[in-house]
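Below, chain A is the first sequence line, B the second, and so on; all start at residue 1.
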Amino acid sequence: MPESATVTGPAREWLSSRREDLNARFRMAKRRFVKLDSQAVLALTGELLPPLAGNGEAGSDELLSEIFDLILLHAGRGLLAQAPSPMRALLAQAFPRLRAVLIQRPRLLPSALSNAVENVGARGAEFAHALSAMAEHLQNAEQLQDAGVVLAWRLGEARLREQALKAATQIPNVAALIALGLDGWPHYTAPLAVAALIGDAWCHPRERIRPQTLLDLTHAPRERIFELLDKLAAPAPVALPMTPAAALELRLSGTCGEFAGYGGYFLEPPKLLYVGRMASRHRFWVRSGTTNYRIDADVFGWVCKPDPSADFPLNETFKNASALKKRAAIDADKPALLADGLFFSRGHFEKIGDLNGASSFNICGDVLAATLPDSFRVRVYSPARPVLT
Amino acid sequence: MPEIRPPSDPRQVSAFPTLPKAGASSASAFDVRDLYAGPAAVKDQAGAAATIPLDEKFRQAYFWIVNHAIITPYYDIEFHTSAPRTFRYGGAGTDVRLPTDQSYSSFVLLPLLNFAVRKRALFIGGPGRGKTASAILMGILAGYGLEEIRRAIQHGQPQMTIADLIGNPLPKALIQSDDMENIKIAWRKWISMRVKIVDEYNRIPTRTQSALLTLLSDGYAEIMGQTIESPESAWFLTANDDMGGGTYQVIEALKDRLDIVIKALNFNPRFTSDLLTRIEDGVKPEKIVPKEIVFTEKELEDAYAQILKVPIPRPVLRRVEFFFAQFDFCDLAAQDIEYKSKDTIRLAGKTLASVCANDCGRDKIKCICSQTENGLSVRALMTLLSFAKTLAWFRGSSEVTVFDVRQIVPFLMHEKLVQNSSSPFFDQTGNSIYRIDRVAWIRKAFDLANEEFVRLDLDRNDLVAKIDETFEKGLDGVPEADVRKQLNTIETQMGEMAKNSKLYAHVQADVLKLKYYHQRYSNYLRWLTSK
């Protein structure tokens, strides 16, 4: 592979000094990707390496080596062919801005971030752009990795929720806000956003805190911020509120799952399974056809995967009130849903219009999940949380 | 995070876990590590290998070898979780099964198992099939450098002397010393290595074979009254083709010390492109063994300790006992039950074939004992138990299963069982192939033994088990009445067996054990009553 005439400076020196090795790597890559084009690789090398060459400081050599391997890999897989491409956004925009951090762990970070872009699927480009936006606020490799976890969660990888909430407290406020998609929030409000999500991850922080409240906090005393933090992080009620005086205020928090034809797994409308003590506000098991799936979900999105180890019974709705009454005679406190959308708890009924004809349900704490016989999506309801002022 | 490279990179080590466990859900297996894992090679900055279990490391070593070192795309050691799909091909009639569980190539797996359990393996097969290359890889996995291993290989050749093999006295010490004990010996370095390779051992002259035998079996070498101890090591010997000339008869004792036979499998020409790649890229696998699969001495010690702890459940052990019992027994060999063994026949200078031609009231087609000239030694049984544990450990199992035993037993008994090819068993339709294919023959014998075991319902009808249980509690403090009761039970049991059954191999083993218990209880009773 001939050197590019357009590459100058440290990048050129690096390329010249490793010519044999880089050519050998190209040949190895060509065996794997027969359509790998030498001119394309040359062009990409000329475009992507110079901004990362730096001045030869420690880590530069390894960084360029890793980027070169990524170029071979992704060019071979056709992921760098044309803009827009998430991988191109990562290599061309995010990496130059992240250089100061990348050279701290050059053999780990570039590849790890490249894999993360792929693992977040269709939102890879957003991932790359967000990394680019927060680059100047990140100081070290650990912060970059933590930021990546928060970002991946916010972009829909619901299985990372708990790790992301922990990671969000480890990174600079501005980076946390960018990762959570709250770019416009004042930097000191990052802990509030995280607290809101810890309190209820079915409720977006924007639903809990008014913009005016955020502005008012600019000159607020610390006690005021602590007060808000406590309120936001307060856990959700143990059970759906049901007293004769308190009407049920369930709202549709989200839907999860999808028909196989639209990129999901379900060939038949799913039904929820009864999982007993494994029940969680953010995790459900369903059966579609003969296959069981686990769904992790929250306000930012959902992930559905086959779960062959799940061995739970269906939790179908009760056909009518008399069937429910028989069950209620044994366990009056256990909430239940009737097929006509009537929700029962502690001896009281409330009608949920959307759930007329519901086929199955699941209740955990204050979250009600339900399915309809003609829908490929699981509906998740939870009470609206108070807006803080 | 362990180093992960693209699949095409010959330094690539298979990602953990190499053996995903049934029931583990892909849904639950996702965390930060998974977010950052993918097609791009991720390296641990510190270069430190992740702490993975040792059996997993052995599996990674296995997959590295089959993927990058030795082209052996065979799965002759098969495991199944459900009935495999089977295709029958015409001609001689060959069944090809598609394994439903992770299966292995014996040519790669067996050396690794031998390496782990520190036994003695013999590679056999035609020239140029990778026998020595495979042995060298084991040396590199043990942490030795390539040059070091190559220099340490003992190459059998007709002029090889004992001094060539194990060392010689320093000339100066020989002249100056006035006492044998003061003669300093320059021992050969290979004696102290944990992996020992002897190439073409059947080209070593008989006299020198004896020195090799001492080292191999007793773990020490001796010259001029001086001895050197050899550490526990894994031995790899290769045998030259007898037709090539320059070979010697291998002494029986040396042959008997070899624990496992590894057959070099023929090359499948459909994989010639892999060879071509190797030539064109100048890839020499022995030079690029990833450090992640190199074992320290401590790791090997720990692995060995773990292997020894793998339990063999009683039902499996009973089947092994039953299988073993089939071979040595011969009702026509002697009058007394203790001597009814093929050893008696051999010592009398006769063959089993000649004795078995007489009628003993048994079905010679069905009885496994008619198929072999000899039985199996205690050493062979111990080796089988060790290797069964090792295989189960390698597969990540919590205990040995009968399938582990079934897969390993042919390779352990390959050179130990001498076939009685005149047995009517081999004349049955479809059985003549077992005169040639020893692996299939031994496995068939194991299957037949198991079928008989199940037919006799010996898991439940173990007549000796209850007496075993009682005896294992010990004799101390057992009152006279209980001892007499036990003696009566034993005698009753033996009477029942004499009435209901011919003296088959397993019955002989049971009867001898009952006789043993009877003697032990009798002696104890004698002692009790003499007080």
Side-chain angles (χ1 to χ4, degrees), chain A residues 24-25 27-29 31-33 59 62 66 69-70 72-74 76-77 79 87 104-120 141 145-146 148-149 151-153 157-160 162-164 166-167 283 285 292-296 303-311, chain B residues 1-12 15 17 20-50 67-68 81-82 100 271-285 287-288 290-292:
Chain A
R25 285 197 232 175
R27 283 195 300 273
M28 279 274 274
R31 281 196 190 283
R32 189 179 170 199
F33 305 110
E62 290 96 336
E66 290 303 305
D69 280 341
L70 285 176
L72 290 175
L73 172 68
H74 295 312
R77 297 163 75 216
L79 298 183
M87 210 52 74
Q104 293 176 27
R105 294 189 77 175
R107 287 158 55 84
L108 173 94
L109 291 173
S111 300
L113 293 173
S114 163
N115 292 330
V117 162
E118 292 199 57
N119 287 329
V120 296
Q145 288 179 87
D146 283 340
V149 171
L151 191 48
W153 172 47
E157 182 43 82
R159 293 174 294 184
L160 286 176
E162 286 174 22
Q163 290 130 311
K166 191 174 164 203
R283 185 172 297 157
W285 278 266
N292 293 339
Y293 300 87
R294 176 178 127 174
I295 300 178
D296 290 81
V303 173
C304 175
K305 294 284 182 191
D307 190 355
S309 67
D311 185 18
Chain B
M1 207 183 299
E3 189 156 354
I4 306 168
R5 295 192 170 92
S8 62
D9 190 332
R11 295 160 300 167
Q12 180 255 349
K21 289 295 177 195
S25 161
S26 65
S28 57
F30 191 92
D31 63 8
V32 174
R33 176 197 169 102
D34 299 298
L35 173 66
Y36 291 124
V42 178
K43 296 154 189 106
D44 182 341
Q45 196 64 33
N67 290 334
H68 300 296
T81 51
S82 55
T100 54
F271 290 85
T272 305
S273 56
D274 290 39
L275 285 181
L276 184 62
T277 304
R278 214 166 268 200
I279 294 167
E280 291 172 353
D281 290 346
V283 170
K284 288 192 192 305
K287 290 189 176 173
I288 53 167
K291 61 181 184 316
E292 293 93 326

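- Taking CD of A/Glu162 as the reference point, atom CG of B/Asp31 lies at 12.0 Å (rounded to 0.5 Å).
- Looking at A/Ala152, only its side chain comes within 4.5 Å of chain B, counting heavy atoms on both sides.
- A/Gln163 CD to B/Leu35 CG: the interatomic distance, rounded to the nearest 0.5 Å, is 9.5 Å.
- Remark: A/Arg77 engages A/Glu118 in a salt bridge (Lys or Arg N to Asp or Glu O under 4.0 Å) (not counting sequence neighbours).
- Under the 4.5 Å side-chain criterion, counting only non-hydrogen atoms from C-beta, A/Asn119 is not in contact with B/Tyr36.
- The shortest heavy-atom contact between A/Leu70 and B/Ala40 is CD2-CB, 3.5 Å.
- Residues passing the salt bridge (Lys or Arg N to Asp or Glu O under 4.0 Å) test with A/Arg25, sequence neighbours excluded: A/Asp21, A/Asp69.
- Of the atoms belonging to A/Glu157, it is side-chain heavy atoms, and not backbone ones, that fall under 4.5 Å from chain B.
- Using a 4.5 Å heavy-atom cutoff, the side chains of A/Gln145 and B/Val32 are not in contact.
- Other residues, nucleotides and ligands contribute over 12 non-hydrogen atoms within 6.0 Å of the CG atom of B/Asp274.
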